[in-house]
Amino acid sequence: MIDVDLHNLVAVVTMGDGDRLASADIGYAQQLRDAIRDSADLDTVKAIVLRSADPDFFPPLSASQRQAAQRVRASQPRAWHAAFCAPTGLYQNLAYCKKFTLTQVAGPCAGPGSMLVLCTDHTVCADDARFEAPFADLPESNMVLAMLTLRLNRAKGWVLGEDDWDAAQAQAAGLVNRVTTRQALAGAAIEAAQAAARIPLDGVAMTKLLLEAFLDTQGIGQEFDMAPLYADALRLAELDDAQESTR
Amino acid sequence: MNSPTSSAAGTQQEGLGSIRLERDAQQHLATLVVSSGRSGNPMTAAMVRTLSRRLAELSVDDDIKVIVIRGEGGDLTCGADPAEAEQVFKDAPGGAAKRVPSQRARLAVMDDLWWGPDGLYTRVLRCPKVTLLAAQGLCLDVGLYLALCCDLVLADETAVFGSPRWRHVGVDGDLSMLVAAVGLKRAKDLLIFSSRWTAEQALDAGLIDEVMPAEALEARVAHLAAFCTQVMRDAIAAEKRVVFASLAKLQIGTGFATAAAVGAWASNLHFQPGEFNFLREARDQGLEAAIDAARRHAE
């Protein structure tokens, strides 16, 4: 269930069952993409807040979710690519959205949650939030986006480091813009969205156009194009692991 | 140009305000002082053109190794002079043909003043000498881009960085340098919320190199400039060329071309009911009232 609430130039998109993204649920990715795209098409919307209906934004993937996602990628590679990575897919629709986008994060944020954070313009999080790099689980993860957001050394530290990041580390690295308490989180996200919505509608369009041109020059779209290759690599790595464990 | 061995100073007066050149051939140092004589040190189009011209001259001056840019009166600059916000387009070729300045006039101004080969930001970014910015007080709009384009930025504790104008028209500059310096999401913080960063915040974000007490800035700038003048001319030239090559790989030039085009469009927005229109406010209520209204809108 995805709920969209429009109020005062801001659309709040609330993801129920968001963990379906962790299983690479194609239908769910399309619904979420449509909710974002349809909201962005409205002249009465200047900013979109993305949040989870659950208390925690995106818990780490379970083994069964990983296996389910692997099955989807193996059995429906084109549909998976179209729904998640292609210009028509969820993540590019978010990264290239023509309105300002914000994520509201509490608790653990892993896998698709971390990709949603990377693809949005602004992130407000609770002080108990923890951010796990999505690269080990999601072949559609975009390293270029991570490098632009965190800069090269920090991006590598996030990807290769042993631990996830707490809210303060994520803010220091540039992944998160504001940290607040859980109680104040929803209000802070709406406040930020409404502040962004004070820019004239034409100015919002111009700003996002400029950002889009910049992302294009930096190779964001090309990195998304690599996702099927990364998916194959991930599948082969998991096969190797399975063979190794049976020896 | 003064003789290679002399120490000399010269002032170029252009319209309101000036860009003062202090050239010391023996120390291999030139200082360009932004001085509008008005609160906040706003830069008129004439001052911007003079600054660009001075940079072009110093770029081919073999006696000069280091160029310092600083403001006079406590602020680097609050940005382009709002009093000229519309007139600057009307003064351009084809700008006065109709009541509303033409798109070609807007494009020409964006290119000529800021983003084109002779524009201020190109002149600073591609200057073959070491460029050092002494940032203090308001470093807004033009001040922010000077911080991005200069090689080294030293700031005192009073410095604030940002572009409040973006709140009213959206973002219209180059993003590639800003993102390279501070990261994508932090850059968007400045862009979308027109945040003002203190010197400490700017240091944390990677926008500037050092922060110090106000009374220490002048001496520290002089010290660092003197240190840089010890470097061989050929080494400076070679290092700067390596930087230019890296800028090309980062598509900074593409960003400048886009900035000129989008800047021209952003100067000609249509406003929805209830949105704040600075130019209309300035026409109807006067410049000071418009600036006050813009501040209230941003709060």
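Every heavy atom of this structure was used, including side-chain atoms; hydrogens, water molecules and symmetry mates were not. Here is the naming used below: chain letters follow the sequence lines, and residue numbers restart at 1 for every chain.
In this structure, the portion of B/Ala205 lying under 4.5 Å from any heavy atom of chain A is its backbone and not its side chain. In this structure, chain B has no heavy atom under 4.5 Å from any part of A/Leu150. Residue B/Val169 touches chain A through its backbone alone, counting heavy-atom pairs closer than 4.5 Å. For A/Ala195, the parts lying under 4.5 angstrom from a heavy atom of chain B are both the backbone and the side chain. Neither the backbone nor the side chain of A/Ala47 comes within contact range of chain B, judged by heavy atoms closer than 4.5 Å. If you measure heavy-atom distances from A/Leu215 to chain B, the contacts under 4.5 Å come from the side chain alone. For B/His168, the part lying near chain A is the backbone, with the side chain staying farther off; criterion is any non-hydrogen pair under 4.5 Å. Proximity to chain B is limited to the side chain of A/Leu209, based on heavy atoms less than 4.5 angstrom apart. For A/Arg198, the parts lying under 4.5 angstrom from a heavy atom of chain B are both the backbone and the side chain. With a threshold of 4.5 angstrom between heavy atoms, B/Ala257 does not approach chain A through any atom at all.
Rounding to the nearest 0.5 Å places OG1 of A/Thr207 at 8.5 Å from CG of B/Asp172. A/Ile199 CD1 to B/Phe276 CZ: the interatomic distance, rounded to the nearest 0.5 Å, is 13.5 Å. One finds the CG atom of B/Asn268 at 8.5 Å from the CE atom of A/Met206 (value rounded to the nearest 0.5 Å). Between A/Leu210 atom CG and B/Asp174 atom CG the span is 8.0 Å, to the nearest 0.5 Å. In this structure, OG1 in B/Thr258 is found 11.5 Å from CD in A/Glu212, a value given to the nearest 0.5 Å. Rounded to the nearest 0.5 Å, atoms CG (B/Leu184) and OG1 (A/Thr149) are 4.5 Å apart.
Side-chain contact between A/Asn177 and B/Phe193 is absent, with no heavy-atom pair separated by less than 4.5 Å. Considering only heavy atoms from C-beta on, B/Arg186 stays 4.5 Å or farther from A/Gln171 through its side chain. Side-chain contact between B/Phe271 and A/Asp202: absent, with no pair of heavy atoms (C-beta onward) separated by less than 4.5 Å.
Enclosure of atom CD in B/Gln272 by more than 12 non-hydrogen atoms of other residues, nucleotides or ligands within 6.0 angstrom is indicated. Few gaps surround NZ on B/Lys240; more than 12 heavy atoms of other groups in view lie less than 6.0 Å from it. Heavy-atom contacts from other residues, nucleotides or ligands closer than 6.0 Å to CD of B/Gln201 number more than 12. At most 12 non-hydrogen atoms from other residues, nucleotides or ligands lie less than 6.0 angstrom from CZ of B/Arg196.
Between chain B and the residues A/Asp43, A/Val204, A/Thr120, the most heavy-atom pairs under 4.5 angstrom are made by A/Thr120. Chain A forms more heavy-atom pairs under 4.5 Å with one residue of B/Ile192, B/Asp204, B/Leu250 than with any other, namely B/Ile192.
Minimum interatomic distance between B/Glu275 and A/Leu201 (heavy atoms only, all atoms of both residues): OE2-N, 2.8 Å. Smallest separation of non-hydrogen atoms from A/Thr123 and B/Lys185: OG1-NZ, 2.8 Å. The shortest non-hydrogen separation linking A/Arg178 to B/Asp189 is NH1-OD2, 3.4 Å. The heavy-atom pair separating B/Ala180 from A/Arg151 by the smallest distance is O-CD, 4.0 Å.
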